[in-house]
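Below: the structure, in structure tokens.
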Amino acid sequence: MKADLVKTLQKKKKQILEIWMEKQLADAGLRDDLISNEELRIQSEELVQALVQSITEKNLGNVESSEFEPVYEILAGISLSRAKQGFSPRETGIYIFSLKDSLLQVIQEEMRDDPAAMYAETIRISKLVDSFGIATFETFIKGREEVIYRQTNEITEISTPVIRVWDGILALPIIGTLDSSRTQVVMENLLQEIVETGSSIAILDISGVPAVDSLVAQHLIKTVSATRLMGAECIISGIRPEIAQTVVHLGIDLSNITTKASLASALRHAFSQLHLEVRKKQKQQ
Amino acid sequence: MEKIPILRMGHFLLVTIQVDLYDRLAVNLEADLVQMVNKTGARGVLIDISAVSIVDSFMGRIIGNIANMSKILDAETVVVGMQPAVAITLVELGLPLQGVFTALNVERGMELLRNRIDLDLNPEDDDDDAISDAD
């Protein structure tokens, strides 16, 4: 009787699919606005097909078996496509778990006369489907993590542009919190740009930095020191009153660094350092 | 043995380090340079390290030492052409070379030295400079 389970499932493939579809369509949570019934049917059929094909008496108790590879692949595909279509992970999970109901129903019908075997098979099938459900969550989370990772990289890249304001003057507006890895990127970009353009003044604008603690200040001082070693002057601008307060309260010594309240005054300072003058044009009489 | 040449250019000494410094070479350079400053009465020392791609804390200290020693002998030191990676390394090592002047390249370094030393040169020398500039 026991050995028959796999065969039964293979034989009853059509029935399993029918019961499953019926249950899904009858479910109040059916999202026919996100996926059409035909698509849903194709998706479900593919999964049932892969399941009954890879299932054997040997691997039924072993969810880690490599023979389930194709099933997991399909599950990953379903998870990703559903995430894109706008299903919540809960809905995807329910979709997979509803397969369990239909499988169990078939087992129940087949093994009505052998409760012990039925019980054993029910547990095994449950475990298998549970593992499938978890796999979809895993894929979902992995997909999300990839997106987050990509975005983090993008933020690091786009948020550190070095701008050539004038011949010999570079500006670097820093937006967002400065941590060690970002300081490294900022510093490298700035120094590289100083070498390339031969600039002698760099303005570090921190108006976009939400808070300055001793660590951030340390990073700023490092950047200024490195710029100085290269032979350029570094001005820090965009210091808001709150930040000035914090810096003094924390006892951070910025006396060796030229600081300006705004980018404009930093630029004015830079011009005077380079002996440049900006004047209003005289009107032609 | 390898030696780093020290060139004399008017009031200044010019040191161009074209090889990666190893400890022995750096120590010798330090000794040679101080001797040279003393002998020639140079007013400024310009060290070009644009070809140096690797430094360690020892090298950083030697550069700082040279600057301080020159200063005692009444000569300003300018370090020019530091690579970005070298600058970052020195800062991370906690050696920001306080008291050493820096410049982007030899030309700017020379200009900086000239400006620094102009300040305390006597008027005669100033005139000399003006004439040579006009030439």
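So you know, we letter chains A, B, ... as the sequences are listed, proteins then strands, and number each from 1. Quantities reported herein were computed from a predicted structural model and do not represent experimental measurements.
- Evaluated for a side-chain contact (heavy atoms from CB on, under 4.5 Å) with Pro84(B), the options Leu191(A), Asn189(A), Leu229(A) yield exactly one hit, Leu191(A).
- For Arg61(B), the CZ atom counts as loosely surrounded, since its 6.0 Å shell holds 12 or fewer non-hydrogen atoms of other residues, nucleotides or ligands.
- Other residues, nucleotides and ligands place no more than 12 heavy atoms under 6.0 Å from the CG atom of Asp167(A).
- No part of Val86(B) comes within reach of chain A, as not one of its non-hydrogen atoms sits under 4.5 angstrom from that chain.
- At a 4.5 Å heavy-atom cutoff, the contact between Ile194(A) and chain B is made by backbone and side-chain atoms alike.
- With rounding to the nearest 0.5 Å, the separation of CD in Gln83(B) from CD in Gln192(A) is 8.5 Å.
- Distance alone, capped at 3.5 Å, is enough to place a donor-acceptor pair between the Arg108(B) side chain and the Gly198(A) backbone.
- A 6.0 Å sphere centred on CD of Glu92(B) holds more than 12 heavy atoms belonging to other residues, nucleotides or ligands.
- For chain B, no part of Thr227(A) is nearby; none of its heavy atoms comes within less than 4.5 Å.
- Note that OG of Ser225(A) and CG of Leu97(B) are 9.5 Å apart. Values are rounded to the nearest 0.5 Å.
- Looking only at side-chain heavy atoms (C-beta outward), Ile88(B) and Gln184(A) come within less than 4.5 Å of each other.
- Rounded to the nearest 0.5 angstrom, Leu90(B) CG and Arg228(A) CZ are separated by 10.5 Å.
- To the nearest 0.5 Å, atom OG of residue Ser200(A) and atom CG of residue Leu112(B) are 11.0 Å apart.
- Crowding of Glu242(A) atom CD: a count of heavy atoms from other residues, nucleotides or ligands under 6.0 Å exceeding 12.
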